[in-house]
Amino acid sequence: MSRYEDGGAAALGSQRGAQDGRGAGDADRRGLWVEEPARRRRMPDPVRASAVRAVLIVALTLIQATVSFFLTLTGSWLAFPMALGAVAGIVVATWGVLDVWITRQMWNQRYGVVSEPSSTARRLRREERRAARAARGERKAAPVRIPREDGPLAAFGRR
């Protein structure tokens, strides 16, 4: 066993054993791997795929730009083609980063909206429903209008 497991687990085990009445010999040992809850939720798969793609493209572009810089310092004939490639890489890297942003926005619009109205919105809707119910009640209680046969629009077939 390593010193980490012996020192940390033995001290932890002796404290636990003293608290619950067990001896230090039968104390549970803490392993090296301890699962901790994630701080943030995992990104959706399409967003993660585009982010990995963008990181790879940006890394290759940085390497290409660095090589182009050093070739320019040495005066090599490869400096110009590498510089053109670095410029093209910058364009592609910009596209990759925009792809991550657009994919993330698209995912949030399609799947990320959680419809949970706030208490204020819920209260306003409740008041609107009460007002609509009251208006319906008033309409039902109002006397029914009797259509006239000799009104101003009777000649046109309207009542």
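The analysis underlying the following values was restricted to heavy atoms, covering all of them including side chains, and did not include hydrogens, waters or symmetry mates. Worth saying up front: this structure is predicted, and the values here are computed from it rather than measured.
Counting heavy atoms from C-beta on, the side chains of V92 and T61 never come closer than 4.5 Å. Annotation: side chain of Y111 is not in contact with side chain of P44 (no heavy-atom distance under 4.5 Å).
Across all their heavy atoms, A54 and V97 have their closest contact at CB-N, 4.2 Å. D99 approaches S50 most closely through the heavy-atom pair OD2-CB, 3.4 Å.
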| query | Checking side chain to side chain contact (heavy atoms under 4.5 Å, CB included) for the pair Q64/L60: CA distance, chi angles, key distance, verdict? | reply | CA-CA 6 Å; Q64 193 173 17; L60 289 174; over 6 Å; no

| said: I'd like to know whether M43 forms a side chain to side chain contact (heavy atoms under 4.5 Å, CB included) with R104, so could you lay out the CA-CA distance, the side-chain angles of the two residues, the decisive distance to 0.1 Å, and finally the verdict. | reply: CA-CA 9 Å; M43 281 192 288; R104 185 173 158 269; over 6 Å; no

| message | Between L73 and F69, does the side chain to side chain contact (heavy atoms under 4.5 Å, CB included) criterion hold? Intermediate values first, please. | response | CA-CA 6 Å; L73 285 181; F69 173 73; 3.5 Å; yes

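Transitive grouping of hydrophobic side chains (ILVMFWY, heavy atoms separated by less than 4.5 Å) brings W77 and L71 into a common cluster.
Expressed to the nearest 0.5 Å, how far CZ of R129 lies from CD of E127 amounts to 10.5 Å. I57 CD1 to I90 CD1: the interatomic distance, rounded to the nearest 0.5 Å, is 13.5 Å.
Remark: S68 pairs with no residue by the side chain to side chain donor-acceptor pair (under 3.5 Å) rule, at least two apart or across chains.
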